[in-house]
*Asks:* 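Below are the structure tokens for one structure; questions will follow.
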Amino acid sequence: MAKKKTEKTAENKASGYNGTANLVPVRTESEAREKGRNGGIKSGEVRRQKKSMREMAKYIMNSSVSKQMENVRDTLARMGIEENDMTYQAAVVVRLIQKAMVDGDTSAIRVIGELTGDLNRFGFIEDAALDIVEMQYPTILIPENGRDEPRENMLGPQAGPQTMFMASSADIVIYGGAAGGGKTYALLLEALRHKDVKGFGGVIFRKNFTQITAEGGLWDASMKIFSQVPDAHSRKTPKLHWRFDGGSKLHFAHIEREEDLLAWQGTEIAYLAFDELTHFTKHQFLYMLSRNRSTCGIKPYVRATCNPDADSWVADFVSWWIDKDTGYAIKERSGVIRYMCVLNDVIHWGDSPEELEKEFGIAERDCKSVTFIASRLEDNKVLMKSDPTYLANLKAMTEIDMERLLYGNWKIKAQAGRYFKRTQIPADGYLDRIPDDVLYWCRAWDIAATDEDEDGDPAYTAGVLIGARKNGRFLVADVVNQRIKAGDVETLILMTATADRKKYGFNYKVRIPQDPGAAGKIVAKQYLNHLAGFDVKAEPVSGSKELRASPFAAQWQNGFVDVLIAPWNEDYFSQLESFPDSKFKDMVDASSDAFNELTDGNFDIDSLL
């Protein structure tokens, strides 16, 4: 030890370092003032040097680009920069714009946002002395357990179910129960938990690619969150994903068909997530569960969101957490962990791994812990504050959809009387004449393709005329519902269109359904030719009859539909009230299509999920 100290002392002397020799104590007040003055002089010199460098940098940035830099000047000219404005500062900004637009560089996008002040959601930190503006990014706060105290300038879950979801230790957590509970936000935020773990990989699945890329979809939601994270970088090739500087990745993918599962053979997914689990089959879920594995040191886990669907396999999966009589989540069971195992494609449940091992002889390591956490719109204070109309949108839906999406009812199903009741037409909604405030008309048809249906009964062709009124209400003015031969349908539609236009004017459209496939296109084209001179539209039919009827039923149930008193009323009401259990749904389908054409499909249930 003494030898090392001697060597160190010699080394210090050789370098001119005198050790503690310069540490002379200050003995008088005048000496203290003198040393303080000298220190202040040196500090001022350093500040002046830094200031002179800043001044020089400003001078260069404001200088004109040298004419020898032809490539730079040509680029500025192509961007519309005039000769007098071709400075080095302009060149730097143009280069940032190129990287942002061409390369999709999120760092460049962020810098541009800072320069223009568009990224000041969390505020700027200004230092007047240094004349420097810095961007303050939010702190990422992922709770490990319990409920965190709200803090300013942070990314984190809201208190309540969202925090319970992210704090749960279960292998599989299902988060849902109603629309607007902040489910997708929680799925994305969860991906940040292990963003600094090298090799950590996550995948969030949707049913189809459109649900990922559509306006306001999963990808847009991820941009809102991850653009606030300095080390997050978006990538669009080979597939949509995010990379983090710590070495982790988050991908977005879809599973629309069973064959799509083959693409995931041999994969390892540490964080497996499903947005809207009810859109996936039980087989798809269990198969992807086998891909939930990891070698990065993080125990693999599954997170999923969903809205109630009584006909989905998920309803049975979460049934222990749901009241079997009311269909609503049992508050006391929300977040309670149970255990499951899968034998021969059958899911077995127990209150502990030991219970499953005793009953089914399955090893504890083969059991999965599971919980369900219910959420409702009122749990999402941020959404309620930012979009107060969201609640009104949910309340404007049909009784079935409102029970599901607003109140989280897992038992309610479509049945007769739940879509249309004649008593829902207000007393002053039964009109004895056509009002003069109808802005536009549409008659939609549900066409019988054959003379008889599959049971040998004559098939109906229905045409329903609905008008959009100036006061925001809708009027069912006429219903045609006839059993005629398929060959006579074209004549019926043409004669009806001619009479309608003569009676109601030219603010009138005819809508006919287009069956899928090439044959459907050919038939639709024949109708378009037959109705030459009319405003006519052939629209492909998609989605269930219940889904197509929901927008019209929502207006009907809320008392915004009027009906013209006429001989066809009883048959029309009877079919609507028995929907969807009735054998014939022709008039319902035609009414749905006419209403959807008048509103141009602006009412979209998926936008509320």
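Please read all numbers here as calculations on a predicted model, not as lab measurements.
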*Asks:* State which residues pass salt bridge (charged side-chain N to carboxylate O under 4.0 Å, His left out) with Lys239; sequence neighbours excluded, sorted by chain then number.
*Replies:* none
*Asks:* Do Tyr508 and Val510 touch side chain to side chain, with heavy atoms closer than 4.5 Å?
*Replies:* yes
*Asks:* Return each pair, listed once, that meets side-chain hydrogen bond (donor to acceptor under 3.5 Å, both in side chains) where at least one residue sits in residues 433-448; pairs must be two or more places apart or across chains.
*Replies:* Asp437-Arg469, Tyr440-Asp535, Arg443-Asp478, Arg443-Asp500
*Asks:* Quick one: does any side-chain atom of Gln575 pair with a main-chain N or O of Val588 as donor and acceptor, under 3.5 Å?
*Replies:* yes
*Asks:* Does a side-chain heavy-atom distance below 4.5 Å link His254 with His279?
*Replies:* no
*Asks:* Just jot down the side chain to side chain donor-acceptor pair (under 3.5 Å) partners of Arg501, sequence neighbours excluded, or say none.
*Replies:* none
*Asks:* Evaluate Ile425 against Asp562 for side-chain contact (heavy atoms from CB on, under 4.5 Å), listing each step before the verdict.
*Replies:* CA-CA 7 Å; Ile425 301 296; Asp562 301 324; 5.5 Å; no
*Asks:* Is it true that the side chains of Tyr572 and Ser591 contain a donor and an acceptor less than 3.5 Å apart?
*Replies:* yes
*Asks:* If you look at every heavy atom in Ala186 and Gln162, which pair is closest and at what distance?
*Replies:* CB-CG, 3.9 Å
*Asks:* Between the side chain of Arg473 and the main-chain N/O of Ala468, is any donor-acceptor distance below 3.5 Å?
*Replies:* no
*Asks:* Working to the nearest 0.5 Å, report the span between CG of Asp515 and NZ of Lys521.
*Replies:* 12.5 Å
*Asks:* Between Phe420 and Phe552, is the gap from one ring center to the other below 6.0 Å?
*Replies:* yes
*Asks:* Test Arg422 against Glu577 for salt bridge (charged side-chain N to carboxylate O under 4.0 Å, His left out), laying out the working first.
*Replies:* CA-CA 7 Å; Arg422 68 186 74 194; Glu577 287 180 325; 3.1 Å; yes
*Asks:* If we ignore hydrogens and angles and just use 3.5 Å, is the side chain of Ser312 paired with the main-chain N or O of Pro308 as donor and acceptor?
*Replies:* no
*Asks:* Do you know which two heavy atoms are closest between Leu250 and Ala191, and how far apart they sit?
*Replies:* CD2-CB, 3.5 Å
*Asks:* How far apart are the closest heavy atoms of Asp325 and Asp323, and which atoms are they?
*Replies:* N-OD1, 2.8 Å
*Asks:* Answer yes if the side chains of Glu546 and Ser550 hold a donor-acceptor pair under 3.5 Å, and no otherwise.
*Replies:* no
*Asks:* Calculate, to the nearest 0.5 Å, the distance between atoms CG and CZ belonging to Asp275 and Phe280 respectively.
*Replies:* 8.0 Å
*Asks:* Using only atom types and a distance under 3.5 Å, with no angle test, would you say the side chain of Gln211 pairs donor to acceptor with the backbone of Gly217?
*Replies:* no
*Asks:* Taking all heavy atoms of Lys585 and all of Pro580, pick out the closest pair and write down the distance.
*Replies:* CE-O, 3.0 Å
*Asks:* Using modelled atom types and a 3.5 Å cut-off, is there a donor and acceptor pairing between side-chain atoms of Asn569 and backbone atoms of Ala566?
*Replies:* yes
*Asks:* Would you say the ring centroid of Phe274 lies under 6.0 angstrom from that of Phe285?
*Replies:* yes
*Asks:* Quick check against the 3.5 Å criterion: does Asn558 have a side-chain atom that pairs as donor or acceptor with the backbone of Ala554?
*Replies:* yes
*Asks:* Check each of Phe595, Trp556, Phe560 against Phe474 using the ring pair (Phe, Tyr, Trp, His ring centres under 6.0 Å) test, and report the only one that passes.
*Replies:* Phe595
*Asks:* Is any side-chain heavy atom of Pro513 closer than 4.5 Å to one of Glu539?
*Replies:* no
*Asks:* Is the Tyr407-Tyr328 ring centre distance short of 6.0 angstrom?
*Replies:* no
*Asks:* The criterion is salt bridge (charged side-chain N to carboxylate O under 4.0 Å, His left out); which residues satisfy it with Asp260, sequence neighbours excluded?
*Replies:* Arg257
*Asks:* How would you list, by chain and number, every residue that makes a side chain to side chain donor-acceptor pair (under 3.5 Å) with Glu258, sequence neighbours excluded?
*Replies:* Thr281, His283, Gln284
*Asks:* If I compare all heavy atoms of Ser375 with all of Lys183, which pair ends up nearest, and what's the gap?
*Replies:* OG-CG, 4.2 Å
*Asks:* State, to 0.1 Å, how close Leu564 and Leu475 come at their nearest heavy-atom pair, and which atoms those are.
*Replies:* N-CD1, 3.8 Å
*Asks:* Between Met164 and Ser334, is any pair of side-chain heavy atoms under 4.5 Å apart?
*Replies:* yes
*Asks:* Report the C-alpha distance between Val370 and Phe317 in whole Å, list the side-chain angles of each, state the deciding distance to 0.1 Å, and finish with yes or no for side-chain contact (heavy atoms from CB on, under 4.5 Å).
*Replies:* CA-CA 10 Å; Val370 184; Phe317 189 81; 3.9 Å; yes
*Asks:* Heavy atoms, side chains only, cut-off 4.5 Å: are Cys442 and Ile466 in contact?
*Replies:* no
*Asks:* Pair Ile347, Trp349 - check side-chain contact (heavy atoms from CB on, under 4.5 Å), show working.
*Replies:* CA-CA 7 Å; Ile347 300 175; Trp349 293 92; 3.6 Å; yes
*Asks:* Determine, using ring centers only, whether Trp219 and Phe226 are less than 6.0 Å apart.
*Replies:* no
*Asks:* Evaluate salt bridge (charged side-chain N to carboxylate O under 4.0 Å, His left out) for Lys545 paired with Asp589, printing each intermediate quantity in order.
*Replies:* CA-CA 7 Å; Lys545 293 180 181 293; Asp589 291 343; 2.5 Å; yes
*Asks:* Kindly compute the distance separating CZ (Arg303) from CG (Leu188), expressed to the nearest 0.5 Å.
*Replies:* 14.5 Å
*Asks:* For residues Phe573 and Val563, determine if any side-chain heavy atom of one lies less than 4.5 Å from a side-chain heavy atom of the other.
*Replies:* yes
*Asks:* Is the backbone N or O of Val336 less than 3.5 Å from a side-chain atom of Trp321, with the two atoms forming a donor-acceptor pair by type?
*Replies:* yes
*Asks:* Side chain to side chain donor-acceptor pair (under 3.5 Å) with Ser222: which residues, sequence neighbours excluded?
*Replies:* Trp242
*Asks:* So do Tyr419 and Leu576 actually touch side chain to side chain, heavy atoms under 4.5 Å?
*Replies:* no
*Asks:* Sort out for me which residue in Thr305, Thr184, Asn307 forms a side chain to side chain donor-acceptor pair (under 3.5 Å) with Glu276.
*Replies:* Asn307
*Asks:* Got a sec: does the CD of Glu259 have more than 12 other heavy atoms crowding it under 6.0 Å?
*Replies:* yes
*Asks:* Nearest 0.5 Å, please: how far is OG1 in Thr461 from CD1 in Ile493?
*Replies:* 7.0 Å
*Asks:* Hey, does Met166 have a side-chain heavy atom less than 4.5 Å from the side chain of Leu189?
*Replies:* yes
*Asks:* Between Lys537 and Glu597 (salt bridge meaning N to carboxylate O under 4.0 Å), is one present in this structure?
*Replies:* yes
*Asks:* Got a second to check how far Ile204's CD1 is from Phe252's CZ, nearest 0.5 Å?
*Replies:* 5.0 Å
*Asks:* I'd like to know whether Leu240 forms a side-chain contact (heavy atoms from CB on, under 4.5 Å) with Ile212, so could you lay out the CA-CA distance, the side-chain angles of the two residues, the decisive distance to 0.1 Å, and finally the verdict.
*Replies:* CA-CA 9 Å; Leu240 296 176; Ile212 299 174; 3.9 Å; yes
*Asks:* Got a second to check how far Asp309's CG is from Trp410's CH2, nearest 0.5 Å?
*Replies:* 7.5 Å
